[in-house]
Amino acid sequence: MQYYSTNGKAPHASLEKAVVKGLAEDRGLYMPERICQLPKTFFDNMPTMTFQEIAFNVACAFFGEDVDQDALKDLVYDTLQFDCPIVKVKDNIYALELFHGPTLAFKDVGARFMARLLQYFLRMGNGANAGNNKPKNTINVLVATSGDTGSAVANGFLGVEGIHVYVLYPKGKVSPIQECQFTTLGKNITAVEVDGVFDDCQALVKSAFMDSDLNEHMKLTSANSINVARFLPQAFYYFNAIARLMETSNDGLRTVMCVPSGNFGNICAALFGHAMGMPVSRFIAANNANDIFYNYLQTGQYNPKPSVQTLANAMDVGDPSNFARIINLYSKNGKLSAEETHHSITSLISGATYSDEQIKETMRQCHEETGYILDPHGACGYQALADSLRPGETGIFCETAHPAKFKEKVDEILGIDTPIPERLAAFMRGKKQSVAMTKEFADFKSYLMSR
Ligand SMILES: *Cc1c(COP(=O)(O)O)cnc(C)c1O
């Protein structure tokens, strides 16, 4: 399968190139040239299939031409060694719990899948000169994080041969729970503690990608949700959610899928699922106070602006990177006008935006009424369904993070002591190791050049 750029000015790329490069030469995002419809028999059989079986079918539709069947199956089964259940919260509202992975984040799936796919391509490429795997062939993943992405990527890539990961994070600005998830791993993971803020970390990574000496010296790539191998596998979650819902009830439900969104990678994967025939009648993109997409839905105008800090900080994004993919999908790769595109988007997707005060109120109300503990991100999703579900509809919202990951906030808002799952506690017992770094690019560059 070939991948084209949303900016339309770069040559088409193979899957391998799209995954290794991340971004196209014209700074556009890669899109698969075809989205395969899945057959009716697949949808009929879904309720009897496991998460892994469902995901393998979906993965074949995207990657089947480029990855050997057995390897792909191995890759999917290795990635999905955990569950993604739907939990009834109340009446017709279900939580799709995406936090049962190794770092309790939904990003675990894309991170692990991307790591294994890169490894697959490395092995294929090294076939001719096996045993001659010089460090120069090592792929170096640079990732800037304000918390969640770093831990998912670090754990996804941990122990994967031929790949080294550098996680850049702002000193003192990451919660202790998050920090220990990427600073205690060792092996092929290096945590770089930058004396600055998140934007400084991101600037260092961007400068590194553009620096010709560095690119000459080492192979660099990124691992954020602009990468097709990071965001597409998230479609697995949504097919599984529908399957599990069909399992519990089969009365021709009209299903509404609600996704708390920041960079819009996760909802984009859900929309790809819809394009493959997944039975969902409409979608909601739930935002915190960063309401750029919400405003686009209301006005047809896309006006990115600096992000504002909120309780749901993984969604503090002022210029969602996957917006370009959504536009490309519904404009049929630029064939429709801006107005037609806006119309087709608003007929499928609606929006919602919530302030920190509203998020807190939702968390309290939901806990009091149902006993369910929402994290601040999931709270936006839950509230958007509560505000807009119509009779005859069933709503599923993504609970994108385990509440214990935001323990300080959740405990304070709900007045409880959120239990810490053993998997998280294990990280906290590890020994922290990191490289201290200034925010000056010259320092970061000379560090990398010495590696
Ligand atoms: C990353 C993240 C989001 C936002 O997902 P996008 O794919 O960037 O829209 C929402 N909630 C949590 C907890 C996250 O970590």
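Both counts, for ligands and for their atoms, begin at 1 and track the order of listing.
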### Message
Considering both backbone and side-chain atoms of F264, is one of its nitrogen or oxygen atoms within less than 3.5 Å of a nitrogen or oxygen in ligand 1?
### Response
yes
### Message
Under 3.5 Å between any N/O of K107 and any N/O of ligand 1: does that happen in this structure?
### Response
yes
### Message
For the 3.5 Å polar cut-off, considering only N or O atoms, please tell me whether G262 and ligand 1 meet it.
### Response
yes
### Query
Is there a heavy atom in F99 that sits closer than 4.0 Å to ligand 1?
no
### Query
N/O to N/O below 3.5 Å, does that happen between D148 and ligand 1?
yes
### Message
Between K432 and E193, does any NZ, NE, NH1 or NH2 come within less than 4.0 Å of an OD or OE carboxylate oxygen?
### Response
yes
### Numbered atoms and elements of ligand 1 in range of F106, under 4.0 angstrom, heavy atoms
1 (C), 2 (C), 3 (C), 5 (O), 7 (O), 10 (C), 12 (C), 14 (C)
## Note on the structure
In ligand 1, the atoms that come under 4.0 Å of a heavy atom of N263 are 6 (P), 8 (O), 9 (O)
### Task
Mind telling me whether Y237 and F51 have parallel, tilted or perpendicular rings, with 30° and 60° as the class edges?
parallel
### Message
Quick check on the 6.0 Å ring-centre criterion: do F113 and F63 meet it?
### Response
yes
### Query
What atoms of ligand 1 come closer than 4.0 angstrom to any heavy atom of G265?
6 (P), 7 (O), 9 (O)
### Task
Using the six-membered ring wherever Trp is involved, compare the ring planes of H402 and F99 and label them parallel, tilted or perpendicular (cut-offs 30° and 60°).
perpendicular
### Query
Counting only heavy atoms, which portion of F231 has something under 4.0 Å from ligand 1: side chain, backbone, both, or neither?
neither
### Query
Parallel under 30°, tilted from 30 to 60°, perpendicular over 60°: which one fits the rings of Y382 and F397?
perpendicular
### Query
If you measure every N/O of H377 against every N/O of ligand 1, is any gap under 3.5 Å?
no
### Message
Can you confirm whether more than 12 heavy atoms, excluding those of K439, are under 6.0 Å from its NZ atom?
### Response
no
#### Entry: Intermediate values then yes/no, side chain to side chain contact (heavy atoms under 4.5 Å, CB included), V167 and T183
CA-CA 9 Å; V167 180; T183 55; over 6 Å; no
### Task
Determine the sole option in Y296, F293, F323, F231 for which the ring pair (Phe, Tyr, Trp, His ring centres under 6.0 Å) test with F264 is passed.
F293
#### Entry: Any side-chain heavy-atom pair of H367 and M363 under 4.5 Å
no
### Task
Enumerate the atoms of ligand 1 whose separation from the nearest heavy atom of N266 is less than 4.0 angstrom.
7 (O)
## Note on the structure
re atom 10 (C) of ligand 1, the protein heavy-atom contact at minimum distance is M315 CG, 3.6 Å
### Task
Return yes or no for this condition: an N or O of T400 is under 3.5 Å from an N or O of ligand 1.
yes
### Query
Parallel, tilted or perpendicular: which describes the rings of F62 and F272, with under 30° parallel and over 60° perpendicular?
tilted
### Query
Can you list the ligand 1 atoms lying under 4.0 Å from a non-hydrogen atom of A401?
13 (C)
### Query
Going by the order shown, which atoms of ligand 1 are within less than 4.0 Å of some heavy atom of S261?
9 (O)
